[in-house]
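Worth knowing before you read on, the calculation uses all heavy atoms, side chains too, and leaves out hydrogens, waters and symmetry mates. Here, residue 1 is the first one in the sequence, and each next residue gets the next number.
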Amino acid sequence: MSASKPPFFTVGWLGADAIQKTFAARHPSLSAAAPGLFTDAPDDGSPILLFKAFKDVLGDFPAYPAQEIGDCVGFGHGHGVDLLQCVEIALGAPAEYRETDTEFIYATSRQAAGILGRQDGSYGSAAVTAMTTIGLVSRDMLGADGAYSGDRARRWGYTGVPREIQDEAAAYKLGSAARVGSWDELTAAVRNGYPVSICSSLGFTLQRDKDGFCDAKGTWGHCMVIAGVRFDRPGACILQSWGPNQPAGPTALGQPSYSFWADRTAVERILAQGDSWALAKAPKFVARALPPSWSYHQAA
């Protein structure tokens, strides 16, 4: 499969317009929020594979369903929060993993942006605003209604999330989010265990090459999440939301079947659009050492 559009194509990320930029301005850049993450200390150039936290904590990668409507902003940030949970647990946090409800993130981002009732889609900046102010819910918290549903995502995205569910979410807010606009900010975030959501119009082929990379091609309005970086062939591992074994082709460094690597130049084009976010559980980003098996100290 070499197409430059996802298995279904619908608007998901609405673009870097005035609404997106207004919400982005409410959050600092990572370099301003956490200068302590940036260091001149040498490393050995090994990859930083945050996605390994999934297997360390859960035993395997989450079996995510494919998105059904233009709710990728919920998926990109929900998968980022799931990965962040696993990173925190692997680092010793006394917590239990609960898969994040992506429909809640999607709908509350639209609520925060004032676009309920409009066409499908949202903004990363609105999602991180909603997650840090309204909160989050897990699929478990919703009981029998917690399984992914494109119909629920669209319904809530048009009318809003029921108030009683928002009230429950208030106890589970994301600690912090910071804008990531450069390769150096991206590598600083990932090196310290912070996943980075990415929203942009840059498309890719859907065929991985022998190294697990997809070429930048075409235009999407899409949100995904970065779960690793490598330096031998500089690039980032991107988790997508179209279900297992997408894209097609070889994988590398133990990446999930629903991911691909993108070259640094393509990643920098995404970050330059101004709607990519490092996610933190705590109010502040802090420097921390990752387990040797998935940090930059030891190649896979």
Going by side-chain contact (heavy atoms from CB on, under 4.5 Å), name the residues that satisfy it together with T187, two or more places apart in sequence or in a different chain. W183, R191, V229, F231
Residues in side chain to side chain donor-acceptor pair (under 3.5 Å) with S201, at least two apart? Q273
Exercise: do D263 and W261 side chains pair donor with acceptor under 3.5 Å: no
Min side-chain heavy-atom separation L279-M131 under 4.5 Å: yes
For I165, which fellow cluster members are found when Ile, Leu, Val, Met, Phe, Trp and Tyr are connected by side-chain heavy-atom distances below 4.5 angstrom, either directly or through intermediates? F104, I134, V137, M141, L142, W156, V161, Y172
List, by chain and number, the other hydrophobic cluster members for V73, where Ile, Leu, Val, Met, Phe, Trp and Tyr join if side-chain heavy atoms come within less than 4.5 Å, directly or indirectly. none
Does any N or O in the side chain of K52 come within less than 3.5 Å of the main-chain N or O of S293, such that one atom is a donor and the other an acceptor? yes
Is it the case that D82 and T100 place a side-chain donor and acceptor less than 3.5 Å from each other? yes
Are the side chain of Y123 and the backbone N or O of A24 linked by a donor-acceptor pair below 3.5 Å? no
Under the side-chain hydrogen bond (donor to acceptor under 3.5 Å, both in side chains) rule, what do T102 and H79 come out as? Steps first, then yes or no, please. CA-CA 8 Å; T102 60; H79 294 177; over 6 Å; no
Can you sort out the partners of R230 under salt bridge (Lys or Arg N to Asp or Glu O under 4.0 Å), two or more places apart, ordered by chain and number? D232
Salt bridge (Lys or Arg N to Asp or Glu O under 4.0 Å): which pairs involve residues 143-153, sequence neighbours left out? D101-R152, E103-R152
